[in-house]
Amino acid sequence: MKFSGTNVLVTGGSRGIGAQIAKELATHGLKVWINYRSGADAALKIKEEIEAAGGSAAVVQADVTKEDEFVAAIKTIVDADGQLSYLVNNAGITRDKLALRMSIDDFNDVISANLTSAFIGCKEALKAMGKKKFGSVVNISSIVGEMGNPGQTNYAASKGGLNAMTKSFAKEAAARGIRYNAITPGFIQTDMTDELKEEVKEEYIRNIPLKRFGQASEVAQAVAFLLSDHSSYITGEILKVNGGLYV
Ligand code: NAP
């Protein structure tokens, strides 16, 4: 795959889908900045794996819900590399509960981690990439933002908002040569879905036309495409990677 840019920041790149995205993008010759909040050892392990495979990587700590920390992380990258070519807003959390039992803190924490953090990233990317009039951003959203899910009113609101925000950034930033797209994964095998009860997983799989959970690598390959030159006429798109569960 062809990439005109040189480096990428992956938020929440220390494990799960983010770690797989980091590894995939490194195979295309990009220098990958792996952001983590608390998992320093996990982030360093991914960096070492990328380097052992001949790629280039660095780690950068930041809680991306905190504007000053996220801004500082992007400054670290631009100071080191002279630019930021690509951003993947992947960091995210769940706090599942039925709405009647969900506290305002449960709601706001998820909005902050999944939506506000991505707003900060999209805005700072626009500033950093705008100077070079080049860049591409991919937001990792969710199928739940498209179809809703019981027990996830907070998560659905955060991801539905992320889809709408992606389209708005795409329209604002197009004249500056920056593309914004989102991916809506279905159920992907990670720590997040390992928390689900076995019978819940089986019920989901019964309804997935491809009859399995997806792999993080399958999301990562879609991210690579949306960042690459091969998607140069695609912006404001919400790309489903869900095994046909929602079409
Ligand atoms: P995961 O295994 O729980 O990993 C989450 C990552 O996000 C970790 O690296 C974590 O870092 C980081 N993170 C969380 N809050 C952060 C913060 N405030 N600042 C910086 N990093 C933070 O999750 P995952 O399953 O890979 O999910 C990744 C993304 O895909 C999320 O946006 C999720 O909503 C989305 N998604 C997942 C699925 C799925 O089935 N798994 C489906 C659809 C969408 P630390 O470990 O350092 O805290």
Side-chain angles (χ1 to χ4, degrees), residues 3-5 8-12 17-18 21 25 35 64-65 67 70-71 74 84-94 107-108 110-149 152-188 214 218-247:
F3 290 83
S4 292
V8 58
L9 168 61
V10 182
T11 71
I17 294 173
I21 292 170
L25 295 177
N35 157 254
V64 293
T65 64
E67 187 177 18
F70 204 165
V71 169
I74 289 179
L84 175 67
S85 308
Y86 306 112
L87 168 67
V88 183
N89 283 309
N90 163 80
I93 63 166
T94 50
F107 188 85
N108 286 339
V110 170
I111 296 290
S112 172
N114 298 0
L115 181 58
T116 313
S117 70
F119 170 72
I120 299 166
C122 288
K123 180 180 164 187
E124 294 308 312
L126 185 49
K127 286 188 208 162
M129 296 170 185
K131 289 183 188 135
K132 302 257 175 191
K133 285 203 170 283
F134 175 86
S136 179
V137 177
V138 172
N139 294 323
I140 305 301
S141 181
S142 168
I143 189 173
V144 172
E146 298 171 307
M147 58 188 285
N149 204 23
Q152 293 199 305
T153 49
N154 49 2
Y155 188 76
S158 71
K159 298 299 192 178
L162 185 55
N163 295 345
M165 188 176 80
T166 302
K167 295 178 189 180
S168 299
F169 266 105
K171 290 183 178 184
E172 282 197 23
R176 299 185 195 209
I178 306 161
R179 298 182 295 111
Y180 287 78
N181 292 290
I183 289 177
T184 50
F187 292 94
I188 307 297
E218 294 173 306
V219 177
Q221 285 158 12
V223 172
F225 167 68
L226 284 178
L227 292 181
S228 78
D229 296 0
H230 299 279
S231 61
S232 51
Y233 200 53
I234 300 177
T235 195
E237 179 62 24
I238 313 297
L239 179 63
K240 297 179 182 76
V241 180
N242 66 23
L245 179 56
Y246 178 76
V247 292

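Owing to the predicted nature of the structure, the values given are computational and were not obtained by experimental measurement. The first residue in the sequence is number 1, and the count goes up from there.
The two residues G5 and S85 have their closest heavy-atom pair at CA-OG, 3.4 Å. Heavy-atom minimum distance, V88 versus V223: CG2-CG1, 3.8 Å. Across L87 and G121, no two heavy atoms sit closer than the pair CD2-O, 3.3 Å. Heavy atoms only, all atoms of each residue included: A157 and F107 are closest at CB-CZ, 4.0 Å. Closest non-hydrogen pair, I238 versus K167, comes out as CG1-CE, 3.7 Å. Taking both residues in full, the closest heavy atoms of I74 and E124 are given as CD1-CB, 3.5 Å, listed atom of the first, atom of the second, then distance.
Listed for the N35 side chain is a donor-acceptor partner under 3.5 Å among the backbone atoms of G12. No donor-acceptor distance shorter than 3.5 angstrom exists from the side chain of N242 to the backbone of P185, with no hydrogens or angles considered.
A distance of 11.0 Å separates CE in M165 from CD in E172, rounded to the nearest 0.5 Å. Between the CZ atom in F225 and the CG atom in L239 there is a gap of 7.5 Å [rounded to 0.5 Å]. Rounded to the nearest 0.5 Å, atoms OG (S4) and OH (Y86) are 5.5 Å apart. Rounding to the nearest 0.5 Å gives a distance of 6.5 Å between OG1 of T94 and CD of Q152. To the nearest 0.5 Å, the span separating OG1 on T184 from CD on E146 amounts to 3.5 Å. Separating the CG atom in L84 from the CG atom in L9 is a distance of 6.5 Å, to the nearest 0.5 Å.
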Exercise for the section: Report the C-alpha separation of L162 and N114 in whole Å, then their side-chain angles, then the decisive distance to 0.1 Å, and conclude whether the side-chain contact (heavy atoms from CB on, under 4.5 Å) test is met. Expected result: CA-CA 8 Å; L162 185 55; N114 298 0; 5.9 Å; no
Practice task
Take I120 and V64 through the test side-chain contact (heavy atoms from CB on, under 4.5 Å) and record every step on the way to the result.
Solution key: CA-CA 8 Å; I120 299 166; V64 293; over 6 Å; no
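Paired with S158 under the rule side-chain contact (heavy atoms from CB on, under 4.5 Å), one option of I93, V110, T116 passes, and it is V110.
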Output a table of donor-acceptor pairs, distance under 3.5 Å, between side-chain atoms of residues 133-143 and any protein atom two or more places apart or on a different chain; print 'none' if there are none.
{"unit_1": "S136", "atom_1": "OG", "unit_2": "L226", "atom_2": "O", "d": "3.2"}
{"unit_1": "N139", "atom_1": "OD1", "unit_2": "N89", "atom_2": "ND2", "d": "2.9"}
{"unit_1": "N139", "atom_1": "ND2", "unit_2": "T166", "atom_2": "OG1", "d": "3.0"}
{"unit_1": "S141", "atom_1": "OG", "unit_2": "K159", "atom_2": "O", "d": "3.2"}
{"unit_1": "S141", "atom_1": "OG", "unit_2": "N163", "atom_2": "OD1", "d": "2.7"}
{"unit_1": "S142", "atom_1": "OG", "unit_2": "V144", "atom_2": "N", "d": "2.9"}

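Ring planes of Y180 and F169: parallel class, angle under 30° (limits at 30 and 60°).
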